[in-house]
Protein chains: 2
Amino acid sequence: MITFVDSAAGERERGDGPRCLDPQLWHACAGGMVQMPPPGSRVYYFPQGHAEHAQGQAAVDFPPGARLQALVLCRVAAVRFMADPDTDEVFAKIRLVPARPQDADANDAIAAAAAQEDKPASFAKTLTQSDANNGGGFSVPRYCAETIFPRLDYSADPPVQTVLAKDVHGVVWKFRHIYRGTPRRHLLTTGWSSFVNQKKLVAGDSIVFMRTENGDLCVGIRRAKKGGIGGPELLGEEDGGNNKMMGARGKARVRVRPEEVAEAANLAASGQPFDVLYYPRASTPEFCVRAAAVRAAMRTQWCPGMRFKMAFETEDSSRISWFMGTVSAVQVADPIRWPNSPWRLLQVTWDEPDLLQNVKR
Amino acid sequence: MITFVDSAAGERERGDGPRCLDPQLWHACAGGMVQMPPPGSRVYYFPQGHAEHAQGQAAVDFPPGARLQALVLCRVAAVRFMADPDTDEVFAKIRLVPARPQDADANDAIAAAAAQEDKPASFAKTLTQSDANNGGGFSVPRYCAETIFPRLDYSADPPVQTVLAKDVHGVVWKFRHIYRGTPRRHLLTTGWSSFVNQKKLVAGDSIVFMRTENGDLCVGIRRAKKGGIGGPELLGEEDGGNNKMMGARGKARVRVRPEEVAEAANLAASGQPFDVLYYPRASTPEFCVRAAAVRAAMRTQWCPGMRFKMAFETEDSSRISWFMGTVSAVQVADPIRWPNSPWRLLQVTWDEPDLLQNVKR
DNA sequence: ACAGTTTGTCGGCCTTTCCGACAAACCAT
DNA sequence: ATGGTTTGTCGGAAAGGCCGACAAACTGT
């Protein structure tokens with residue numbers, strides 16, 4: 001394997017191929033609202049959702065003859081946290097084993113609570129024009145510099161230090177961190193420019209800094225959704241445990257191939273173990289949803305006029321906000337192919353006048 | 001382990017610690033005249049020489065009581081080719097097992113001849129002021145560019161290519177190689193500056209380029225001997241198989257600690273296996289000399305007035321030249337501590353009027 | 001010794017990037 | 001609203017580094 005650096009600081013830990021990365025950095029990159037089902041827990045697998053995850057527009061070609069189910073109860077056998085070698089985009093490889101309903105539901109809730117704990121401090125910033133284009137500098141928000149970066153010695157004039165940050169591949173980047181200007185502000189100078197160039201960052205992309213338990217700094221990337229850098233700021237995000245929102249822009253390049261979806265759906269239907277790739281930032285709904293959450297949602301009789309609350313994350317990952325809306329219609333997506341599918345599309349009218357959003361369940 | 005790169009190109013193969021490096025690159029860095037005794041061959045180990053290798057001035061503190069021998073016949077058990085992680089200086093860790101004279105002398109000559117073969121093409125250049133200080137460029141001697149570097153496409157205007165060279169640690173450096181100017185000449189531009197900075201090269205240091213059998217390029221470093229960068233060009237080099245010259249400048253930092261020498265000498269005297277570190281560019285005489293060479297030299301009755309010829313290597317490692325001299329005195333170095341030691345210092349007056357040189361044996 | 005070739009050094013100029021000034025945006029009262 | 005704080009953008013300036021010109025050094029005859 002190869003660590004490759006050019007006009008920059010880089011360091012690599014190991015020399016293996018597409019390896020698993022630190023789950024905490026993975027979560028920091030995925031966004032604070034992504035919660036992966038822990039191994040051993042049970043989820044419902046939605047072939048329809050998997051298909052949406054795979055496609056831009058091209059429909060997945062499910063074999064016509066096969067007896068497919070709209071949702072399959074599975075046990076999570078393993079979750080591998082990974083990152084795209086080229087784009088640094090994080091994704092997970094989830095191994096699912098179809099299960100029978102009467103199987104034990106054991107630790108679902110407990111494990112979920114445990115996963116919530118000890119989440120290390122992280123901070124995300126969307127790159128400005130100046131961060132991405134200008135003379136090789138990055139304006140570090142004060143909060144980020146003070147809580148995520150290593151302590152800076154303010155007695156020096158000007159206060160400067162070298163900051164090392166490991167990316168999702170284990171490559172370490174070296175930045176000069178300086179506190180200067182009038183008024184004073186935190187900046188990354190030397191090293192930033194080549195980071196931007198090598199990661200091919202543009203204004204609108206986000207950068208995530210995370211501090212591990214042992215004090216090391218990590219850096220991740222969240223590419224801007226394609227189809228317009230400027231635009232309104234609303235970006236699709238994951239739900240708070242029950243519901244899901246889907247961004248309207250999107251049209252990402254291929255990450256999951258339709259054949260893989262078809263194969264997974266078939267294996268699921270025939271009760272065999274299978275792997276799925278899950279891209280947490282793909283702006284499509286979850287297709288592996290906690291069994292308990294699905295059952296709770298199914299108990300609700302959704303009908304037009306109901307008020308609807310959906311969580312989303314603010315840009316800097318520091319808080320969680322809510323959108324309010326009203327259910328305007330309830331319709332089954334594709335009654336012919338997927339009879340009795342709870343993969344209903346609720347049409348919601350948001351209080352904030354924005355694009356119509358499709359919300360699952 | 002760490003690959004560290006800053007404003008440069010770097011790449012690492014493996015992640016282990018002080019590992020062994022490619023023997024051919026090691027030899028290219030050591031200089032064309034260094035010949036390591038192959039495993040299985042026999043050498044005489046000279047504690048006195050080992051001590052000189054270790055010290056700047058500080059004498060090695062041999063335990064007074066111990067019965068030490070001036071030279072110990074040993075079998076070479078293993079040779080590990082290594083490089084200093086900080087300075088890139090090459091050295092070898094030699095495992096020696098004391099042997100009895102009547103043991104087989106087997107393959108000494110054969111192995112030596114074999115070692116001579118398939119030495120890959122390499123080229124060394126001493127850095128000029130312009131190479132080391134000026135606007136980040138390196139003037140590549142035509143011979144080096146044409147025989148060591150990858151083929152350049154001269155049909156382009158100007159002819160340019162990116163050259164990758166792996167250093168002794170497996171880190172790959174990236175250089176822009178261009179053929180331009182009037183008159184035309186080969187230059188390394190982008191990437192060179194940061195190589196100089198990170199390797200802390202100064203005018204007077206040498207850089208070694210080597211081409212491996214499979215066509216890959218390697219780069220090594222030979223630091224200038226300390227105590228004056230400018231000065232006369234004569235640098236101490238190894239002998240042609242029989243004799244040894246010792247540079248007068250030197251005073252290098254510690255590489256071998258006196259305790260290690262004392263321990264090795266004791267183990268040698270008591271017939272136990274031991275390790276020695278050998279720095280081929282330390283400007284001290286060999287202290288592990290082929291058994292056959294020692295016996296040949298011992299048969300000669302050295303006396304004042306004898307003519308003396310000693311090989312040395314030219315700066316670019318392309319040729320071997322000879323110094324002629326006359327033996328002016330024969331004296332045993334330290335008759336009290338080392339009775340009957342052949343570690344005599346012949347005093348030689350060189351034909352070229354230079355500093356007096358001490359020559360072993 | 002001479003002519004041809006090779007390469008070390010220099011000044012010019014272009015690019016990169018570091019810097020404070022300023023003001024817009026943001027926040028807390 | 002208002003004042004204090006934070007941070008995005010800009011133009012100036014310094015540094016880095018690429019270039020050909022020129023001449024010194026070297027080579028072979």
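Note that these values count all heavy atoms, side chains included, but never hydrogens, waters or copies made by symmetry. Letters go in sequence order (proteins before strands), and every chain restarts at 1.
- Here C/dG8 is the nucleotide among C/dG8, D/dG8, D/dG17 with the atom lying nearest to any side-chain atom of B/Asp131.
- Ring geometry for A/Tyr143 versus A/Phe123: interplanar angle of 30 to 60°, hence tilted.
- A/Phe123 places its CZ atom 13 Å from the P atom of D/dT6, with the value rounded to the nearest Å.
- Each of C/dC19, D/dC18, C/dT9 was ranked by its minimum atom distance to the side chain of B/Ser130; first place goes to C/dT9.
- With respect to B/His186, the side chain to side chain donor-acceptor pair (under 3.5 Å) criterion is satisfied by exactly one of B/Arg142, B/Arg180, B/Glu146, B/His177: B/His177.
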- [ ] Walk me through it: do A/Phe138 and A/Lys125 pass the test side chain to side chain contact (heavy atoms under 4.5 Å, CB included)?
- [x] CA-CA 10 Å; A/Phe138 173 77; A/Lys125 183 193 174 187; 3.6 Å; yes

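- Ranking D/dT7, C/dG8, D/dC19 by closeness to the A/Pro141 side chain, first place goes to D/dT7.
- A/Thr128 and A/Asp131 form a side-chain donor-acceptor contact under 3.5 Å, judged by distance and modelled atom types alone.
- Proximity note for B/Lys125 (side chain, C-beta onward) versus D/dG17, C/dG8, D/dC19: the nearest is C/dG8.
- A straight line from CZ of B/Phe138 to P of D/dC19 spans 17 Å, rounded to a whole angstrom.
- Where B/Asn197 and B/Arg184 meet DNA chain D, the nucleotide closest to each residue was compared, and B/Asn197 sits on the side nearer the 5' end.
- Residue-level contact check: A/Leu187 touches neither bases nor backbone, having no heavy atom under 4.0 Å from any strand.
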What's touching nucleotides 21-25 of chain D from the protein side, N or O pairs under 3.5 Å?
residue, atom, partner, partner atom, Å
D/dA21, OP2, B/Thr182, OG1, 2.2
D/dC22, N4, B/Arg185, NH2, 3.3

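- Nucleotide C/dC18 holds its C1' atom 13 Å from the CG atom of A/Leu188, rounded to whole Å.
- The side chain of A/Thr189 sits closest to C/dC18 out of C/dC18, D/dC18, D/dT9.
- Using a cutoff of 4.0 Å between basic side-chain nitrogens and carboxylate oxygens, B/Lys199 and B/Asp88 are scored as salt-bridged.
- Atoms OH (B/Tyr179) and P (D/dG20) sit 12 Å apart, rounded to a whole Å.
- Distance B/Phe175 CZ to D/dG17 C1': 15 Å, rounded to the nearest Å.
- For the pair B/Thr190 and D/dC18, the criterion of a side-chain N or O lying under 4.0 Å from OP1 or OP2 is met.
- Formation of a donor-acceptor pair under 3.5 Å by the B/Gln161 side chain with backbone atoms of B/Pro150 is found in this model.
- Qualifying side chain to side chain donor-acceptor pair (under 3.5 Å) partners for B/Thr182, counting only residues two or more places apart in sequence or in other chains: none.
- At C/dT16, none of the side-chain N or O atoms of A/Ser193 fall inside 4.0 Å of OP1 or OP2 (strictly under the cut-off).
- OP1 or OP2 of D/dG20 lies within a sub-4.0 Å distance of a side-chain N or O belonging to B/Arg180.
- In this structure, A/Trp192 places its CH2 atom 12 Å from P of D/dG8, rounding to the nearest Å.
- Among the heavy atoms of the strands lying under 4.0 Å from B/Arg176 are primed sugar atoms or P, OP1, OP2 only; no base atom is included.
- If you check D/dT7, C/dT7, D/dG20 against the side chain of A/Ser139, the one that comes closest is D/dT7.
- The nearest whole Å value for the distance from the OH atom in B/Tyr143 to the P atom in D/dC26 is 19 Å.
- Distance B/Leu127 CG to C/dT7 C1': 14 Å, rounded to the nearest Å.
- Here the OG1-CZ distance, from B/Thr190 to B/Phe175, works out to 11.0 Å after rounding to the nearest 0.5 Å.
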